[in-house]
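Structure, as structure tokens:
So you know, we letter chains A, B, ... as the sequences are listed, proteins then strands, and number each from 1.
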Number of protein chains: 2
Amino acid sequence: MASKRVVSIRVIRRISVYYEALLKLDLPETTYVSSKRLEEMTGLSSNQVRQDFFTLGLTIGKQKKGYMVKKLMRELKRILSIDRGAKIVVIGAGRIGQSFSAYRLFQGRNIQVEAMFDINPDLVGTTIGKPGAEIPILSIDELEPFLKGHPEVEIALLAVPEEVAQELLDRLVSYGIKGVVNYAPRILRLPREAKGVQLINESICSAIYKMVYHRNHPQ
Amino acid sequence: MASKRVVSIRVIRRISVYYEALLKLDLPETTYVSSKRLEEMTGLSSNQVRQDFFTLGLTIGKQKKGYMVKKLMRELKRILSIDRGAKIVVIGAGRIGQSFSAYRLFQGRNIQVEAMFDINPDLVGTTIGKPGAEIPILSIDELEPFLKGHPEVEIALLAVPEEVAQELLDRLVSYGIKGVVNYAPRILRLPREAKGVQLINESICSAIYKMVYHRNHPQ
DNA sequence: TAGATTGTTAATCGATTAACAATC
DNA sequence: TAGATTGTTAATCGATTAACAATC
């Protein structure tokens, strides 16, 4: 009946998939989609679709018809907080960090990169991104004052060399950040004093290692 | 007793963590490390450590002492197939694709990017990477002949715009590739005729979306 | 010996899949 | 009405955590 306490990253990911599928197919707003139809569109089973909706307390389906596209998309938008969005910063303006500046999906999600931070003097002071939507690259030294001056920025993406990743996480926490996604290929740990801070270690290369493992250890 | 059929990506990832920790600490080869010590070093519980070793059929521990560093590292290397390594290609020489060319960890793993492929005429024909280890950027048109000529290349990293990701996956499969890691923000599906091909959809931004969700839906 | 640590089993937790009564 | 589809519960699967006998 009620929605679960914790919504896992997998559920959020699948909700994104449903939403993107509906967006891309550009169905008439008055159409109904069944969980079976969503299965065809996304490859995720109709059972999974209904279970996900149930988990999120989303009970807007009509028997024999399915879910009204208009209503469903409104609900999915609410769950993904697309209207509200988020303002974030990116630490590290290397290739991975820069790739976030160009993420088109961020626009559709109302996710705004407010600034990037780096130590490279060639980068500091420049901007990145299309005209009209430039993102400034600031010095790491400006990180603390920036975050103090922009309390609405609660999330940081960490895309720095692994040697300095833990130190920067500690600093971000001490500056009051509330969520960090770490892209450095190292598992970081939150400092003890971190209270209510979330950390996700996103390991870009684990998938590669698993591939290699399975190629080299067949069956 | 015997090792499990399928080794999950999580186990592989943790094995990497143990290995990197031992490497970085540069312990004398004759030292013994206990699972408790590994817990302190990695933050992964000693129970998890022993369970992982058990899962992989790795029973080289000595009661009251632990695991001999030398022996343990040899075993972890074998599991991670660091000696054997792998030759891979990267499809898409944009920022994400390029970031793989610089991955230092690939060296430690003996993972070699043989070539990158793109359609951008400004990139095609150039190389990327340090002198002595340049990686050529070839045209996508050369993908098929390249793979036919290099049957040892069985794994591809897909880092292209999402619009063309599925098409390129299909092509890779038809050219005989055996494993694909997809970094485009879209869940791809293997074509029906794909037999024995592995696909991992690595979603770089799911973690961000989960962060945003939890910030906007507190408690 | 007593204490520490393993290998392994069992318990728990969480996520996915299957099933089905309700009902439009 | 009969058939389709939901919401929800139950079964299954897999991964993590806990426990502990064996033993060095």
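Partner assigned to C:dA11 is D:dT16, using Watson-Crick or G-U wobble distances below 3.5 angstrom. Searching all strands for a Watson-Crick or G-U wobble partner of C:dA22 with both distances below 3.5 Å returns D:dT5.
Among the atoms of the strands shown, none is found under 4.0 Å from any heavy atom of A:Leu44. At the heavy-atom level, B:Ser8 lies under 4.0 Å from the strands shown only through sugar-phosphate atoms. Among the heavy atoms of the strands lying under 4.0 Å from A:Ser35 are primed sugar atoms or P, OP1, OP2 only; no base atom is included.
For the pair A:Ser16 (side chain) and A:Ile12 (backbone), a donor-acceptor distance under 3.5 Å is present. A donor-acceptor pair is defined here as one N or O able to donate and one able to accept, closer than 3.5 Å; no such pair exists between the side chain of B:Glu114 and the backbone of B:Ile88. B:Thr55 places a side-chain N or O within 3.5 Å of a backbone atom of B:Gln51 that can act as its donor or acceptor partner. Side-chain N or O atoms of B:His214 include none that pairs as donor or acceptor with a backbone N or O of B:Lys210 at under 3.5 Å. Side-chain atoms of B:Ser81 never come within 3.5 Å of backbone atoms of B:Arg78 as a donor-acceptor pair (strictly under, hydrogens ignored). Side chain of B:Asn182 to main chain of B:Ala165: no donor-acceptor pair is present (N/O by atom type, distance under 3.5 Å, no hydrogens or angles).
Between the C1' atom of C:dT5 and the CD atom of B:Glu40 lies a distance of 14 Å, rounded to the nearest Å. Rounded to whole Å, atom P of C:dT8 lies 14 Å from atom CG of B:Asp52. Summarising the geometry, the separation between CD1 on B:Ile9 and C1' on D:dA15 is reported as 14 Å, rounded to the nearest angstrom. A:Leu58 has its CG atom 15 Å from the C1' atom of D:dT8, to the nearest Å. A straight line from NZ of B:Lys36 to P of C:dG7 spans 16 Å, rounded to a whole angstrom. Note: CZ (B:Arg37) to C1' (C:dA4) measures 16 Å, nearest angstrom. Rounded to an integer number of Å, the gap from A:Phe54 CZ to D:dA10 C1' is 12 Å. Rounded to whole angstrom, the span from the CD atom of A:Gln48 across to the C1' atom of D:dT8 amounts to 15 Å.
At D:dG7, one or more side-chain N or O atoms of A:Tyr67 fall inside 4.0 Å of OP1 or OP2 (strictly under the cut-off). Neither OP1 nor OP2 of D:dA4 sits under 4.0 Å from any side-chain N or O of A:Ser34. Put simply, B:Arg10 has a side-chain N or O that comes within less than 4.0 Å of OP1 or OP2 on D:dT16.
Ring orientation note: the planes of B:Phe146 and B:His150 are close to parallel, at an angle under 30° on the 30°/60° scale.
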- Query: Which parts of nucleotides 18-24 of chain C does protein reach within less than 4.0 Å, heavy atoms only, written one letter per nucleotide 5' to 3' as B for base, S for sugar-phosphate only and - for none?
  - Reply: BBB-BBB

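The listed nucleotides are D:dG7, C:dT17, C:dT6; the one nearest the side chain of A:Thr59 is D:dG7.
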